[in-house]
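Throughout, protein chains are lettered first and strands after them, A, B, ... in sequence-line order, and every chain is numbered starting at 1.
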There are 2 protein chains.
Amino acid sequence: MVDYATNAPSTAEPHDGQVALGAPRRRTQQERRETTIGRLIDATISVIAEVGYANASLGVICERSGVSRGGLFRHFDSRLDLMVATAAEVGKRHIAHARRQLGELRAPTILEALRLMRDRHRNVENVVWFELMVAARTDPDLRIRLSETGRQFFADIVDAARLIPGTELFPAEDLEMLVNTLEHTFDGEAIRREIAPDPVAEDRRLELAAEFAEFLIMRRFNATKPADTPSTTD
Amino acid sequence: MVDYATNAPSTAEPHDGQVALGAPRRRTQQERRETTIGRLIDATISVIAEVGYANASLGVICERSGVSRGGLFRHFDSRLDLMVATAAEVGKRHIAHARRQLGELRAPTILEALRLMRDRHRNVENVVWFELMVAARTDPDLRIRLSETGRQFFADIVDAARLIPGTELFPAEDLEMLVNTLEHTFDGEAIRREIAPDPVAEDRRLELAAEFAEFLIMRRFNATKPADTPSTTD
DNA sequence: ACGTTTGAAGACCGATCGGTTTCTATTCGG
DNA sequence: CCGAATAGAAACCGATCGGTCTTCAAACGT
């Protein structure tokens, strides 16, 4: 019933090394596997970002990735598995993004670093991660799987923050708390601004966050030096 | 086919005021209406809190409320309408809760007020509101409707915050930004702790937030009074 | 007391979901 | 070059979804 000729499986390939014009031939199985998995995860990311976790159906994911249902279920046993793999991927990209940005700045001010952080939290990677985290609250299976992925992710974030000068003043747990606090703030803002944007307040909030960080530094500095210091602290 | 006798429509009601034993008779139409709407919204709140917005199907909502599908659609034209009404209700309850708590405290410290605020953001009312806000990001209809409901809600929150002493020093837009920042932080924390709880960090975060708030109040206090004041500010 | 209106029930409908099965195409191992 | 194993496509399945329709009961207006 079906016309298989459209696939045109092999228009002859006379010798071994030579390939026909533009026809990418003889991919290895692992290559095939990795490209389709990559296409599926890329599609999942963009679909979740667009329609949310709950509405990211396998139908639209397959459609957008160009992979069939059968193809999907060859590599992922369930929708949950696909989502967990997607979570790991967005986490990895988020970390890479952060390290790259901080690396490009030679002497980042706190405000600059925070602005980059805030903008990162508005990107697809973090939006998808957040969608997954919110869904995990009411989905026990996802919650278990995501908490494992999250452990690594959250630790990596704090590690990356060490690239910012000034952070060496903080012990690990204090820095972790500070970084997480900022993440929470930017996550919450990113959600709220979808229904009630307020760019002016966002700018002021960024300055406030920078002041908070400086407040903590000052506080720690004073705590470690009980004797009063000269007022020429410019 | 159905046995209507179980309903026992009217076992006679001889005179006007007298009712039969324990049988609640002759409710007015408006009463009927309000109670079933109330039951539906209560059920919607608890179901969203349990299984999330996307999985809060009309089936389980009807089941839990004890109202039939037909009954539901008499009062709400669509699931969206029910959700919007639910949003308004949780917003109203959240505000009432906040005002009641702050009113009970006679001289609330910042730390006390912040702890109450944080705990409120872990309650059903706020969890449901947050679920709706997250869903609104990817649901255009819900976003439009919720942004209208939100305008009032967000304004009421800032109004309620005026009950905290010290806030009178701040102009409206500064206080609004400050309050919203705290809301974002507590919202983000409330989500994160579902998959990665860290009670120690939560306590420190609360203390530091309070210290920072006091710092801001002090700074503004000094700014509004350019002349130095006696240091006996206990 | 009685016809009208409103509230509530529940069977029913098409659409869509995640997942399975069946079958074909491609790469692999020798 | 050829069987075996893997990748991928697509028809298919039962369950469930939001929403409608028909029907009966209760409250209302007069």
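Atom C1' of nucleotide C:dC17 and atom OH of A:Tyr53 are separated by 13 Å, given to the nearest angstrom. Atom P of nucleotide D:dC17 and atom CG of B:Leu82 are separated by 15 Å, given to the nearest angstrom. Note: CG (A:Asn55) to P (D:dG18) measures 11 Å, nearest angstrom. Between the CG atom of B:Leu72 and the P atom of D:dT20 there is a distance of 12 Å, rounded to whole Å. Between the CD atom of B:Glu31 and the P atom of C:dA8 there is a distance of 12 Å, given to the nearest Å. Following rounding to the nearest Å, B:Arg27 (CZ) and D:dA26 (C1') show an atom-to-atom distance of 10 Å. Atom-to-atom, CZ of B:Arg39 to P of C:dG7 comes out at 15 Å; the value is rounded to the nearest Å. Summarising the geometry, the separation between CZ on B:Arg74 and C1' on D:dA27 is reported as 13 Å, rounded to the nearest angstrom.
Note on B:His75: a side-chain N or O is less than 4.0 Å away from OP1 or OP2 of C:dA8. For the pair A:Ser57 and C:dT16, the criterion of a side-chain N or O lying under 4.0 Å from OP1 or OP2 is not met. Remark: B:Thr36 is in phosphate contact with C:dA8, judged by side-chain N or O atoms under 4.0 Å from OP1 or OP2.
Each of B:Leu80 and B:Gln29 was matched to the nucleotide of DNA chain D holding its nearest heavy atom; the match closer to the 5' end belongs to B:Leu80. In terms of position on DNA chain D, the residue among B:Arg69 and A:Arg32 whose nearest nucleotide sits closer to the 5' end is A:Arg32.
In summary, the side chains of A:Ser46 and A:Arg64 do present a donor paired with an acceptor at a separation below 3.5 Å, with no hydrogens or angles considered.
Counting distance only, with no hydrogens placed and no angle test, the side-chain atoms of A:Arg33 and the base atoms of D:dA7 include no donor-acceptor pair under 3.5 Å.
Nearest heavy-atom pair across B:Glu194 and A:Arg143 is O-CD, 3.3 Å. The shortest heavy-atom contact between B:Ala87 and B:Leu146 is CB-CD1, 3.4 Å.
Comparing C:dT6, C:dG19, D:dG19 by their nearest atom to the side chain of B:Phe73 picks out D:dG19. Comparing D:dG18, D:dG19, D:dG8 by their nearest atom to the side chain of A:Ser68 picks out D:dG8.
Heavy-atom neighbours of B:Glu173 CD from other residues, nucleotides or ligands within 6.0 Å: at or below the threshold of 12.
Across all strands shown, B:Arg79 has heavy atoms under 4.0 Å from sugar-phosphate atoms exclusively, and none from any base.
Cation-pi geometry between B:Arg122 and B:Phe130 is not met: the NZ or CZ atom fails to fall both under 6.0 Å from the ring centre and inside 45° of the normal.
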